[in-house]
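Data first, discussion second: the structure below is written as structure tokens.
Ligands are counted one by one from 1 in listed order, and the atoms in each one are counted from 1 as well.
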Amino acid sequence: MIRIFVFVITLVLVADCFSSQNDDSIFDGKKALEHIKTQVSYGPRIPSHPTAKQHTLEFIEGEISPLATKITSQDFSAYGLKGTNLWATFVGKDAKPNRRLMIGAHWDTRPISDQEALKHNRDQPSSGANDGASGVAVMLELARVFAISPPPITVDLVFFDLEDMGNINQLPFAIGAKEFVKRNPFYRPSEGVILDMVCDKDLSLPKELHSKRQAPELTNRLWEIAREQNASAFLNIDGTFVMDDHVPFLEAGIPVVDLIHFPFPDYWHTTRDTVDKCSADSLQQVGNVISSLVYDNN
Ligand SMILES: [Zn+2]
């Protein structure tokens with residue numbers, strides 16, 4: 001009887017150990033999905049909706065501030081627009097001065113739906129569940145994990161504003177990232193990853209071609225991790241050249257890889273970029289690959 005009792009107690013302890021591991025120190029795609037819902041609930045994160053932008057910034061800062069070693073908010077003006085980049089640093093346990101990883105995503109959304117079939121829908125903003133909120137959501141969930149298990153190397157999470165104004169009144173894409181590179185000349189991470197459109201239920205991540213050409217070693221490492229993890233969203237094929245937040249970094253000689261869904265989904269830059277398109281499993285795959293990149297990086 002005592003033996004059975006001890007056996008049962010052992011089982012309970014082992015089960016509890018596993019469940020607390022799952023709950024706390026491992027990336028959770030379901031938690032990331034909740035972060036998408038929260039951002040979308042504020043409305044379009046665009047220059048003409050300052051309240052939605054303010055709420056989103058407060059949300060991101062509120063989540064990150066208790067977790068990061070340091071957080072900086074950088075306001076800027078460019079092309080007659082005002083923007084804010086948020087930069088959070090998690091100092092590594094075994095921090096080495098020459099090893100520093102940046103993970104970035106844009107927190108703004110597209111103010112128009114120029115891919116809508118019907119012309120009268122095209123002046124509506126996109127809700128940006130996938131295009132905008134998904135990358136931010138993965139980063140917020142990573143921040144939670146980093147606070148519990150400090151990464152071996154220093155990791156910066158950078159949230160870029162004004163990525164998705166491209167081709168509107170002849171504006172470029174990646175305004176916020178370009179300003180960030182320009183305004184922080186002493187910040188030069190050894191490598192980085194941009195997360196953009198990473199929640200689709202049928203996530204498709206081929207190798208983006210600027211990344212493959214200008215950051216080949218990191219591109220190969222990411223897809224090798226994905227292969228080891230059977231992360232089926234990562235396709236070992238070429239995608240296309242995408243103008244995204246990694247390009248200003250590549251232009252500064254910093255190897256940054258863009259993880260971006262391609263071919264773009266049919267709801268891309270439409271009013272249908274909504275939370276129902278997203279899946280916790282896809283977010284989980286991306287979170288797992290980035291976690292390995294961070295924790296196995298020595
Ligand atoms: Zn976009």
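No donor-acceptor contact under 3.5 angstrom links the side chains of H106 and D244, judged on distance only.
Nearest N, O or S atom of D131 to the Zn ion (ligand 1): atom OD2.
The NE2 atom of H269 and the OD1 atom of D164 meet at the Zn ion (ligand 1) at an angle of about 80°, given to 10°.
In summary, the aromatic rings of F241 and H210 are positioned with their centroids under 6.0 Å apart. Ring centroids of W107 and F159 are separated by 6.0 Å or more, keeping the two rings apart.
Within the 2.8 Å limit, D196 places no N, O or S atom next to the Zn ion (ligand 1). Distance check for H106 against the Zn ion (ligand 1): none of its N/O/S atoms falls below 2.8 Å. Contact annotation: E163 places no N, O or S atom under 2.8 Å from the Zn ion (ligand 1).
Cation-pi contact between K277 and Y267: present, with separation from the ring centre below 6.0 Å and deviation from the ring axis of at most 45°.
If you run side-chain hydrogen bond (donor to acceptor under 3.5 Å, both in side chains) between K207 and each of D238, N236, T240, D258, only N236 comes through.
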